[in-house]
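Here the structure comes first, spelled out in structure tokens, and everything after it is commentary.
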Amino acid sequence: MNAELDLLVRLGDYDRPQGVAERAVQAEELGFDRITVGETTGWNIVPPLTLAADRTEELGISNDVISPYGRTPSMLAQTALTMQAAADGRFRFGIGPSSPAITERWHGQEFDRPLRRTREVIEIMRNVYEEGNPAYEGDIFEIAGLGYERGPSENPPPIDVGTLGPKATEMAGRFGDGWAPQMFTKDGLRDRLEDLERGAELGGKDLSDLRVAPIVRGIASEDREAAREKARGTIAFMLGAYGPYYGNSVAEQGYPDVVEAVRAAWDDRDTDAMAAALPDEVLDELAFAGTPDEVREWLAEYAAIEGVDAVRIGFVDGMSEDGKRTTMEAVADLV
């Protein structure tokens with residue numbers, strides 16, 4: 001497999017932030033290129049990622065993806081630059097437009113103009129990176145400016161953008177250094193890469209200048225059917241219960257009837273019916289689930305999509321520690 005291999009770690013799987021660092025060490029030993037961690041309503045990402053950076057030597061460190069509503073743009077720049085220093089230049093910062101639920105019900109902010117806000121946050125972060133000052137006049141932010149005490153950065157971390165829709169992905173290509181989408185079929189990803197490339201051209205870049213690292217979830221096990229049922233439940237839950245965006249995206253990729261059925265089951269909070277509404281065809285489009293050989297074949301085909309630079313591997317729900325280790329080892333054989 002020519003693409004790099006990233007490991008997506010879920011903070012909720014660990015009792016202490018140190019557990020993330022232990023997983024990072026394991027990932028580095030197995031040959032993964034990067035570890036990435038998301039932040040929603042659980043732990044702050046900075047302590048566990050700092051521990052992971054401190055206990056590894058070559059493993060890349062990323063976050064997938066932080067909300068532009070939860071911290072000020074200047075604080076996001078401080079966070080990114082601090083993590084870059086902690087990781088000795090191995091950090092990539094991830095940001096995305098977030099969602100109404102996290103924005104309004106967790107951060108207490110209005111979910112207003114998410115794409116414009118994301119763009120302005122990125123531009124302000126770059127001001128801090130390049131000028132050592134967040135001074136900015138935009139539609140959302142007006143910042144008089146104050147000097148960042150460490151001055152401009154000689155090696156600022158790249159900014160990856162997690163988006164789904166065509167306009168949002170065009171924005172990612174125009175203003176970001178990388179793209180971290182998820183819940184895309186192979187054909188859906190190819191279509192959306194055209195939007196990313198258009199955005200890159202608007203930003204005076206080539207698609208090859210961006211690190212494209214789609215997130216996929218799955219499980220490898222010799223118990224094929226048990227693995228597929230775990231994956232089916234996770235993907236169905238993401239389509240029906242994670243707010244509108246993933247479901248809308250998959251519907252637009254050719255499966256509106258499936259998404260409608262999954263959502264109808266979620267209306268009754270019937271998770272078994274949600275899983276039953278997800279046919280094998282769609283499961284196999286969105287997740288890797290099966291024997292180690294099947295998983296490696298699936299990932300190799302996904303990684304071979306033109307324009308993909310890395311594949312980010314996430315676990316599905318209900319996996320034991322042995323199951324995670326089995327999946328990591330099976331996937332690591334690709335590198």
Side-chain angles (χ1 to χ4, degrees), residues 8-13 36-49 62-80 93-125 134 136-143 159-172 175-176 179-184 192 215 217 234-252 259-260 262-271 274 314 317:
L8 174 63
V9 172
R10 186 167 56 183
L11 292 178
D13 289 346
T36 182
V37 174
E39 179 186 87
T40 51
T41 61
W43 283 332
N44 181 310
I45 57 165
V46 177
L49 282 181
S62 293
N63 67 286
D64 275 328
V65 290
I66 208 163
S67 167
Y69 295 91
R71 297 172 173 84
T72 67
S74 300
M75 178 57 74
L76 288 172
Q78 285 178 280
T79 299
F93 177 83
I95 190 169
S98 194
S99 69
I102 293 173
T103 300
E104 296 169 0
R105 297 168 60 190
W106 182 255
H107 293 300
Q109 304 291 317
E110 181 182 0
F111 190 66
D112 178 53
R113 293 182 290 175
L115 297 188
R116 181 69 199 188
R117 176 177 287 267
T118 303
R119 169 184 170 170
E120 291 195 8
V121 167
I122 293 171
E123 291 178 327
I124 295 165
M125 289 181 67
Y136 186 83
E137 291 186 11
D139 293 344
I140 295 175
F141 295 100
E142 290 189 12
I143 303 174
I159 298 174
D160 297 330
V161 187
T163 58
L164 297 176
K167 282 296 183 183
T169 301
E170 181 183 293
M171 178 200 69
F175 297 101
W179 183 46
Q182 64 175 316
M183 295 290 280
F184 276 95
R192 192 61 75 242
I215 299 166
R217 287 176 168 79
T234 297
I235 299 303
F237 195 81
M238 291 183 70
L239 291 178
Y242 269 40
Y245 298 114
Y246 293 137
N248 290 351
S249 176
V250 171
E252 290 168 2
V259 172
E260 183 179 357
V262 171
R263 284 174 167 169
W266 175 243
D267 287 341
D268 296 330
R269 298 302 189 266
D270 189 339
T271 54
M274 289 173 72
D317 296 334

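Quantities reported herein were computed from a predicted structural model and do not represent experimental measurements.
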Any side-chain to backbone donor/acceptor pair from S249 onto Y245? Under 3.5 Å, distance only.
no
How far does CE of M125 sit from CD of E120, to the nearest 0.5 angstrom?
14.0 Å
In terms of heavy-atom contacts, V161 and W179 come closest through O-CD1, 3.2 Å
For the residue pair R119 and R116, establish whether any side-chain heavy-atom pair is separated by less than 4.5 Å.
yes
List in chain and number order the residues that pass side chain to side chain contact (heavy atoms under 4.5 Å, CB included) with E39, two or more places apart in sequence or in another chain; answer none if no residue qualifies.
N44, I45, I66, R71
Are D317 and R10 side-chain neighbours, meaning at least one heavy-atom pair lies under 4.5 Å?
yes
Show the nearest heavy-atom pair for residues L76 and S67, with the distance to one decimal.
CD1-O, 4.3 Å
What pairs with R113 under side chain to side chain donor-acceptor pair (under 3.5 Å), at least two apart in sequence or on another chain?
none
d(M274 CE, D267 CG) to nearest 0.5 Å is 9.5 Å
So which atom in L115 and which in A168 form the shortest heavy-atom distance, rounded to 0.1 Å?
CD2-CB, 3.5 Å
Reported CD-to-CG distance for the pair E260 and L239, which is rounded to 0.5 angstrom
13.5 Å
Closest heavy-atom contact between T103 and S98?
OG1-OG, 3.6 Å
If you take all heavy atoms of I124 and Y136, which pair is closest and at what distance?
CG1-CG, 3.5 Å
How long is the straight-line distance from CE of M183 back to CG of L164, given to the nearest 0.5 Å?
9.5 Å
Could you measure the distance from the CD1 atom of I95 to the CG atom of D64? Nearest 0.5 Å is fine.
12.0 Å
Could you check whether any side-chain heavy atom of T163 comes within less than 4.5 Å of a side-chain heavy atom of R192, counting everything from C-beta outward?
no
Validation row: L11, P48 side chains within 4.5 angstrom (heavy atoms):
yes
Considering all heavy atoms of both residues, which atom of V121 and which atom of P68 are nearest to each other, and what is their separation?
CG2-CB, 4.1 Å
Using 0.5 Å steps for rounding, measure from the CZ atom of F93 to the OG1 atom of T79.
7.0 Å
Hey, can you pull the donor-acceptor pairs under 3.5 Å for the side chains in residues 104-112, sequence neighbours left out?
none

